[in-house]
Amino acid sequence: MVRDVLTVEDIREAETLLDTLLSRFDTLVERRPGQRRLARDMTASESSSGSDQPEILYAASLSPELADTALFRKCAAFASAISGNVTRSFDHMIVKQAWNQSETPWHQDAVLAGLGGLSRVLQKERLHFWVPLQDVDERNGCMEFIPGSHKVPLQPHERFLRADGDYGLATRPSDGANPVACPIPTGGFTIHTPRTLHYTGRNATSQPRKAWIIHFSRFGQFEIALKRLFGRAPAPLGAPSLGTS
């Protein structure tokens, strides 16, 4: 957990661009033929009304201005200071709407992203920054981790069906595991590696809880270029190639 790296101005600059993408959620969430979704509804179950947990995928690919924000540049510099020359390999924005009912279940990113085949050494070089755009604590869904989980074998994950019909993957901490919640004031963030077990609860407050998650890796730029070549990462919004990327 890192505190006091970002200023309120840094946060608001990025938030303005992210909110612009969020305003286009209904368009982005539509699945186009031959394309991956650019956004998805992470609402946990059909019992929830409306989209109470929207997610924008590859936000900095859709809006390249995000990579020029002070927030992004400071996170990138912090990541490089830890792991050497790393660049963005993935990013997404997740919003837990006010009074939302959707937890983000316990999981390891290595399983969701298909990184299980990477050696533990290579996985340690990958850093996942979770940057809240406001104060966070257990009331509105701060990050919670299982200490030491990055050192043990990957956990088995089971599929569950979200409200939008897509499947997610979830696991459970082992007996005796002691989760640690990480409340953070505005301007801080958490960092974890792909094997780290983590979770966020529902937002039980009257204000949305927004977070921008940025993944950095040694071959991040190459990964993004390769994904775009095979239609897994989008071109910027408004570019003529968006319909075929």
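By convention here, the first residue in the shown sequence is residue 1. Being a predicted model, the structure only gives us computed values, none of them experimental.
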Between Asp10 and Thr69, is a side-chain contact (heavy atoms from CB on, under 4.5 Å) present by the stated rule, with each step listed? CA-CA 7 Å; Asp10 296 341; Thr69 61; over 6 Å; no

Take Arg88 and Ser61, measure what side chain to side chain donor-acceptor pair (under 3.5 Å) needs, and give me the verdict at the end. CA-CA 10 Å; Arg88 177 181 68 99; Ser61 294; 3.2 Å; yes

Step by step, work out the side-chain contact (heavy atoms from CB on, under 4.5 Å) result for Thr186 and Asp135. CA-CA 5 Å; Thr186 303; Asp135 296 350; 2.8 Å; yes

Dump the intermediate steps for side chain to side chain donor-acceptor pair (under 3.5 Å) on Ser23 and Thr20, then the final yes or no. CA-CA 5 Å; Ser23 71; Thr20 298; 5.5 Å; no

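Hydrophobic clustering keeps Ile146 apart from Trp130 (ILVMFWY residues linked when any side-chain heavy atoms are closer than 4.5 Å, directly or through intermediates). A continuous path of Ile, Leu, Val, Met, Phe, Trp and Tyr side chains, each step under 4.5 Å between heavy atoms, connects Leu71 with Val5, placing both in one hydrophobic cluster. Hydrophobic clustering (side-chain heavy atoms under 4.5 Å, transitive across Ile, Leu, Val, Met, Phe, Trp, Tyr) groups Leu21 together with Val131. Using a 4.5 Å cut-off between side-chain heavy atoms of Ile, Leu, Val, Met, Phe, Trp and Tyr, with links allowed through other members, Leu6 and Phe78 fall into the same hydrophobic cluster. With hydrophobic clusters built from ILVMFWY side chains whose heavy atoms lie under 4.5 angstrom apart, Ile224 does not share a cluster with Leu28.
Of the inter-residue distances, the one linking Glu138 atom CD with Thr200 atom OG1 reads 12.0 Å to the nearest 0.5 angstrom. Expressed to the nearest 0.5 Å, how far NE2 of His157 lies from CH2 of Trp106 amounts to 11.0 Å. To the nearest 0.5 Å, atom CZ of residue Phe129 and atom CG of residue Leu127 are 5.5 Å apart. Separating the OG atom in Ser149 from the CD atom in Gln108 is a distance of 6.5 Å, to the nearest 0.5 Å. Atoms CD and CG, from Gln221 and Leu226 in turn, are 13.5 Å apart once rounded to the nearest 0.5 Å. Between Leu18 atom CG and Leu66 atom CG the span is 5.0 Å, to the nearest 0.5 Å.
No more than 12 heavy atoms of other residues, nucleotides or ligands shown are found within 6.0 angstrom of CZ on Arg139.
Checking side-chain atoms of Lys96 against main-chain N and O of Ala211 turns up no donor-acceptor pair under 3.5 Å. Although no hydrogens or angles enter the test, the distance criterion places no donor-acceptor pair under 3.5 Å between the side chain of Asp137 and the main chain of Pro183. Arg73 places a side-chain N or O within 3.5 Å of a backbone atom of Asp68 that can act as its donor or acceptor partner. Between the side chain of Glu103 and the backbone N or O of Gln101, no donor-acceptor pair lies under 3.5 Å. Looking only at distances, no side-chain donor or acceptor of Glu15 sits under 3.5 Å from a matching main-chain atom of Leu133. Between the Thr171 side chain and the Pro156 main chain, a donor and an acceptor come within less than 3.5 Å of each other. For the pair Arg159 (side chain) and Leu169 (backbone), a donor-acceptor distance under 3.5 Å is absent. Under a 3.5 Å cut-off, the side chain of Asn140 and the backbone N or O of Arg209 do not form any donor-acceptor pair. The backbone N or O of Ala181 lies less than 3.5 Å from no partner atom in the side chain of Glu144, so there is not a single donor-acceptor pair. Here the side chain of Asn203 pairs no donor or acceptor atom with the backbone of Gly141 at under 3.5 angstrom.
The two residues Asp41 and Asp52 come nearest to each other via the heavy atoms OD1-N, 4.5 Å. Contact between Pro147 and Asn178 at its shortest, heavy atoms only, is CD-O, 3.4 Å. Listed here is the closest heavy atom pair of Phe90 and Lys227: CB-NZ, 4.4 Å. Taking each heavy atom of Pro208 and Val95 in turn, the nearest pair found is CB-CG1, 4.1 Å. In terms of heavy-atom proximity, Phe189 sits nearest to Pro132 at CA-CD, 4.1 Å. Of all heavy-atom pairs between Cys182 and Cys142, the closest is O-CB, 3.6 Å.
Ion pairing between a basic and an acidic side chain is recognised when a charged N comes within 4.0 Å of a carboxylate O; Arg126 and Glu223 show such pairing. Between Lys210 and Asp19 there is a salt bridge, since at least one side-chain N of the basic residue sits less than 4.0 Å from a carboxylate O of the acidic one.
The shortest distance between side-chain heavy atoms of Tyr58 and Leu38 does not fall below 4.5 Å. By the 4.5 Å heavy-atom criterion applied to side chains, His192 and His198 are counted as neighbours. Annotation: side chain of Arg218 is not in contact with side chain of Ser83 (no heavy-atom distance under 4.5 Å). Residues Thr104 and Gln53 have side chains in contact (heavy-atom distance under 4.5 Å, counting atoms from C-beta outward). Glu125 is not listed as a side-chain neighbour of Val86, based on a closest heavy-atom distance of 4.5 Å or more. Considering only heavy atoms from C-beta on, Val152 comes within 4.5 Å of Gln155 through its side chain. Proximity of Met93 to Pro54: side-chain heavy atoms (C-beta onward) are nowhere separated by under 4.5 Å. Contact check for Ile94 versus Ile213: side-chain heavy atoms found under the 4.5 Å cut-off.
Checked against the 6.0 Å centroid threshold, Tyr167 and Phe160 do not count as a close aromatic pair.
Relative orientation of the Phe72 and Phe216 rings is tilted, given thresholds of 30° and 60° on the angle between their planes.
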